[in-house]
Amino acid sequence: QKEVEQDPGPLSVPEGAIVSLNCTYSNSAFQYFMWYRQYSRKGPELLMYTYSSGNKEDGRFTAQVDKSSKYISLFIRDSQPSDSATYLCAFTQGGSEKLVFGKGTKLTVNP
Amino acid sequence: KAGVTQTPRYLIKTRGQQVTLSCSPISGHRSVSWYQQTPGQGLQFLFEYFSETQRNKGNFPGRFSGRQFSNSRSEMNVSTLELGDSALYLCASSPDRAPYEQYFGPGTRLTVT
């Protein structure tokens, strides 16, 4: 079983749509859950991170963690063409600085 | 604050050669991590340095090595390059108070021919 699974997409949505991106994980030791955004030919940019189960909101972005199901989600409201990028989930045990990444989901928001 | 910087941005090398990549972390960050990104494997952890000491290492062969200097700048070296080493090499730094909060540089695109 892979440590992290993320649907690679690609995902194409119209501007203004609500986008849902998901990852599952198998390692119960993961304590921090991150979402990164990566534009073409750029390094990943940290969007949000959470520690506990539940929701965390930041503007149009909401991160959701369900530790019991080992499932995390990122919701993007009112999606914009500028949101077009690859979204990567990442996990770490907390005591280690090693991040374990999903393969990324490529999102295109069409005007 | 200036972000993480990496040099060079692009590099073309021949099989068998060696290469050194450089990373300057965000000011005040003492932890520097290196990752390899390829289309097939995604982002994979190489190693992490803190105050000139390697604290963590991923599952890469010994041809991949790194070091960190007293000013927290870091270098990674790949010896005896193979075609499969072609990748985007990313460096990330994090603050002491939140080591999981990693900020990435733009990466060095290495092509091995």
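Quick note on labels: first sequence line is chain A, next is B, and so on, each numbered from 1. Because the structure is predicted, anything quoted here is derived from the model rather than measured.
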Can you tell which part of [X] gets under 4.5 Å to a heavy atom of chain A, answering side chain, backbone, both or neither?
X	value
B:L43	both
B:F50	neither
B:Q44	neither

Mind checking which of [range] sit less than 4.5 Å from chain A, heavy atom to heavy atom?
range	result
residues 11-31 of chain B	B:S31
residues 104-113 of chain B	B:F104, B:G105, B:P106
residues 63-89 of chain B	B:L88

Between [X] and [Y], is there shared hydrophobic-cluster membership here, with clusters defined by ILVMFWY side-chain heavy atoms closer than 4.5 Å?
X	Y	answer
A:F30	A:L99	no
A:F33	A:L46	no
A:V13	A:L47	yes
B:F45	A:V4	no

*Taking all non-hydrogen atoms of both residues into account, name the closest pair between A:G104 and A:Q6 and its distance.*
N-OE1, 2.9 Å
*What heavy-atom pair brings B:K57 and B:Q54 nearest, and what distance separates the two atoms?*
CD-OE1, 3.6 Å
*Checking A:E45 against chain B: side chain, backbone, both or neither under 4.5 Å from a heavy atom?*
neither
Measuring only between side-chain heavy atoms, which start at C-beta, is [X] closer than 4.5 Å to [Y]?
X	Y	answer
A:L107	A:R37	no
A:T108	A:P10	no
A:F91	A:C23	yes
A:Y25	A:E3	no

What distance separates [X] [atom1] from [Y] [atom2], expressed to the nearest 0.5 Å?
X	Y	atom1	atom2	value
A:F101	A:K98	CZ	NZ	12.0 Å
B:Y103	A:Y36	OH	OH	8.0 Å
B:Y49	B:N56	OH	CG	11.0 Å
B:S94	B:Q102	OG	CD	5.0 Å
A:L88	A:K103	CG	NZ	11.5 Å
B:Y35	B:C91	OH	SG	10.0 Å

*asked:* Angle between ring planes, B:F47 versus B:W34, binned at 30° and 60°: parallel, tilted or perpendicular?
replied: perpendicular
*So which residues of residues 54-87 of chain A are in contact with chain B at a heavy-atom cut-off of under 4.5 Å?*
none
